[in-house]
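For reference, the structure is listed below as structure tokens.
Chain naming here is simple, since letters A, B, ... match the order of the sequence lines and numbering starts at 1 in each.
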Number of protein chains: 2
Amino acid sequence: MSSPTSRSTVTGRKRQRVTIADVARHAGVATMTASRALNRPEMVSEELRARVLQAADDLNYIPDRAAGGLASGTSLALPVLVPTLHHSVYVQILEGLQERLPASGYQIMLGSTEYSREKEEKLVEVFLGWRPSGIVLSGIDHSERTVRLLKSAGIPVVEIMDLAVASEQSQALDLNIGFSHAVVGEAVVRYLASCGYRHVAYAGTLTELDPRSVRRIHGFQTALMRLGLPHHLIGRSDLPSSLAVGRDLVTDLLHRHPEMDAVFFANDELAAGALFECQRRGIRVPEDLAIMGFSDEEIASHLNPALTTVRIPRHEMGRLAADLLLARLAGTLGAQPPIDVGFEIVQRLTTLAPPHLSQEPS
Amino acid sequence: MSSPTSRSTVTGRKRQRVTIADVARHAGVATMTASRALNRPEMVSEELRARVLQAADDLNYIPDRAAGGLASGTSLALPVLVPTLHHSVYVQILEGLQERLPASGYQIMLGSTEYSREKEEKLVEVFLGWRPSGIVLSGIDHSERTVRLLKSAGIPVVEIMDLAVASEQSQALDLNIGFSHAVVGEAVVRYLASCGYRHVAYAGTLTELDPRSVRRIHGFQTALMRLGLPHHLIGRSDLPSSLAVGRDLVTDLLHRHPEMDAVFFANDELAAGALFECQRRGIRVPEDLAIMGFSDEEIASHLNPALTTVRIPRHEMGRLAADLLLARLAGTLGAQPPIDVGFEIVQRLTTLAPPHLSQEPS
DNA sequence: CTGAAAGCGCTAACAG
DNA sequence: CTGTTAGCGCTTTCAG
């Protein structure tokens, strides 16, 4: 700050990060050999490899992923976009992915779209800047720009939780693992009708925002119309789903449609809330009102009475998505048609079939 | 495949990625000006900025984060390590972080440690390779190497969900937001004892792996001993927690300690499972057995009877962690002592105080 | 306020 | 199997 001819005795002010060059020097090999020893062990003689590994360990070497990514044009980042973490379905899918991906060196980057195509587009844009190896999206409904960006990125894309059927003019971007929500809606109606219920309602939250809800409702109403049953019993809420909203939803439906004898909720949380509400009000389930949930969370089987619901293979979807992605990245998997993981109606006690129906063929 | 003198009419085989140089050229400025227009708008004249922005938009420019990171020595990646996504506590903390961080341009990279210090160390090592701007860890117990790596990385670290009190010889790495689990254990005992319960048990899963459980149990037992009450009623399971495990845990405790009159569970899920089990077996709660949970999930207040539990500010912890991190990154926050967000015992119906006690001073 | 040069740390592509 | 040579795309200097 003062002495004029200050000798530049700047003895390494900044703690130098240890680079692969340091490792190579320490091991007495070329930089490239060190790189290979670390990343493609099979290309290096056992002796050198050992020396390099030793050196890396000695120096506490941590490879710089940014540099690696820049040089190789790709990174081990793997963005996963879910609409929300609030629904345990997505958490479980994430768990499934988390089980496999990190083990192969990939890093999950998490993004929540809040059911908004605009947010999804923004996130895709940001994530693409990381030059990820691939990407996982929820659903098959994306903005045009999202589709364009993804296509030109030329990386594997996995869409989960919905099924892109060609006939529905919704083309899968690449890999696709899910099930048809329209078919779920239809199946539920058919099941409920077979139990003898005639005034069947659908109840959910934010139903317009979630294309999967829309399709479920559509299948639901179509099936109802086909059976000549009323299809206008719909309960909606703008709040994110919760037990409390489930209570409100039944309360409201019961008030507006006293004739209602069954409700299909968009998820088990709402259904559980409704069940709690019925218990409090002395409404007998299923005698006075049948209740059905969606996704078969653990709580469904523990409730009293146990909740009839639709089981979907959440965890499996995550694992399968990871496996396909990994296979594709390894180059062992080509184009694939959409994979339907299906679903299953789990009959429990909240929709007990009336006795006179139990002999009907299903 | 045949013609010998095949002219190299390789008209741009590989789709050239658009770089900032392209943008600059398109806008008629130097590369550096384009970079500044994009990242430090205030350093560039309004006119040029507009031109560059336009060009970037025209060309669909997506900045390469790897290149940016390499050049600048840091990235907008922000690793968050949680023990598991299975407990909704961590999911909600994640939601809190997710609310703030992406809005400031940071990308959350997710890691699950499975309550293992070794896995944590591995993850820290990998994530550090991304040259993140900061990092969020769960808990204050880390391997020596983890601590060393983190210290020498010189980035902000936030430890959440536990409190590093100097007296406990556990020094916070940097920022720390949480609460004392030992104090929770003590407070619960004091509360339960004030209700008149004498044979109080603790029940949890994987208790040895989770240092926070260990501290909670320790506080719990210490308080019990101080009151001259039995402190050997402990229920353990090696399975991850679930409603089913909650059922098994009470069943087992009831069998081993018929005199038990209250149980404190490690989380609300276990407590709810236990409650369901008691209902099924005709054990009256709280008359025959009091039940208490931990973390105050939404379900606690909806159960029948509603569950007494310990409320912890999960969401807030996530948001606060994000805010502190952001402030630190912005350079407006220096060293901070650990922040105790506290907790609160929420009395509901599963631990109704016996009448003869209600007049005692709390 | 704008520009030119240099290089971040690593790996692809070639030679030996 | 090992080494050399060039960059990857961006931002940090340092000059205008």
Side-chain angles (χ1 to χ4, degrees), chain A residues 8 10 13-52 55-56 59-77 105 128-133 153, chain B residues 10 13-52 55-56 59-77 105 128-131 133 153:
Chain A
S8 53
V10 212
R13 180 55 271 291
K14 48 173 81 163
R15 199 200 298 88
Q16 267 309 126
R17 180 178 242 83
V18 3
T19 72
I20 200 169
D22 299 323
V23 174
R25 205 171 311 123
H26 197 82
V29 298
T31 313
M32 201 50 228
T33 306
S35 170
R36 280 195 277 253
L38 259 17
N39 305 314
R40 276 99 157 300
E42 75 282 1
M43 290 182 67
V44 167
S45 77
E46 197 159 329
E47 194 222 321
L48 287 193
R49 192 193 326 155
R51 237 158 67 201
V52 171
L59 300 178
N60 257 311
Y61 170 63
I62 295 184
D64 185 318
R65 312 265 160 183
L70 180 57
S72 68
T74 184
S75 79
L76 293 174
L128 248 22
W130 290 91
R131 299 202 178 199
S133 297
Chain B
V10 208
R13 180 56 271 289
K14 48 171 80 162
R15 201 200 295 88
Q16 266 311 125
R17 180 176 243 84
V18 2
T19 74
I20 201 168
D22 300 323
V23 175
R25 204 171 310 122
H26 198 81
V29 298
T31 312
M32 203 46 233
T33 305
S35 170
R36 281 196 276 255
L38 259 17
N39 305 314
R40 275 97 157 299
E42 74 283 2
M43 290 183 66
V44 167
S45 77
E46 196 158 330
E47 195 223 319
L48 287 194
R49 192 191 330 153
R51 238 160 63 202
V52 171
L59 301 178
N60 258 310
Y61 171 62
I62 295 184
D64 185 317
R65 313 264 160 184
L70 179 57
S72 69
T74 185
S75 80
L76 294 174
L128 248 23
W130 289 91
R131 301 201 176 200
S133 297

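- Residue-level contact check: B:R36 touches the bases, meaning some heavy atom is under 4.0 Å from a base atom.
- For A:A71, the listed nucleotide lying nearest its side chain is C:dT11; candidates were D:dT2, D:dG9, C:dT11.
- As a whole-Å value, the separation of A:L38 CG from C:dG9 P is 16 Å.
- Without hydrogens or angle criteria, A:R51 side chain to A:A27 main chain gives a donor-acceptor distance under 3.5 Å.
- Backbone-only contact: B:R131 has heavy atoms under 4.0 Å from sugar-phosphate atoms and none from a base.
- Evaluation of the salt bridge (Lys or Arg N to Asp or Glu O under 4.0 Å) test over residues 67-76 of chain B, restricted to residues two or more places apart or in two chains, returns none.
- Here C:dT2 is the nucleotide among D:dT12, C:dT2, C:dC10 with the atom lying nearest to any side-chain atom of B:M43.
- Between the P atom of D:dG9 and the CZ atom of A:R65 lies a distance of 21 Å, rounded to the nearest Å.
- If you take CZ of A:R40 and C1' of C:dA13, they are 12 Å apart, rounded to a whole angstrom.
- Among the atoms of the strands shown, none is found under 4.0 Å from any heavy atom of B:G73.
- If B:E42 and A:I62 are placed on DNA chain C by their nearest nucleotide, the residue sitting closer to the 5' end is B:E42.
- The interatomic distance linking B:L76 (CG) with D:dT11 (C1') rounds to 14 Å, in whole Å.
- Judged by distance alone, the side chain of B:S133 and the main-chain N or O of B:S75 form a donor-acceptor pair under 3.5 Å.
- Using a 4.0 Å heavy-atom cutoff across all strands shown, B:I20 reaches sugar-phosphate atoms only and no base atom.
- Atom CG in A:D64 sits 10.0 Å away from atom CH2 in B:W130 (nearest 0.5 Å).
- Rounded to the nearest 0.5 Å, atoms CZ (B:R65) and CG (A:L128) are 10.5 Å apart.
- The side chain of B:S45 places an N or O atom within less than 4.0 Å of a non-bridging phosphate oxygen (OP1 or OP2) of C:dT2.
- Judged purely by atom type and a 3.5 angstrom limit, A:S72 uses its side chain to pair as donor or acceptor with the backbone of A:G68.
- Rounded to a whole Å, the CZ atom of A:R51 is 9 Å from the P atom of D:dT2.
- Rounded to whole Å, atom P of C:dC8 lies 9 Å from atom CG of B:L70.
- Taking CD1 of A:I20 as the reference point, atom CG of A:L59 lies at 11.5 Å (rounded to 0.5 Å).
- A heavy-atom distance below 4.0 Å to DNA chain C is reached by these residues of residues 22-35 of chain B, ordered by number: B:V29, B:A30, B:M32, B:T33.
- In this structure, B:D64 places its CG atom 16 Å from P of C:dC10, rounding to the nearest Å.
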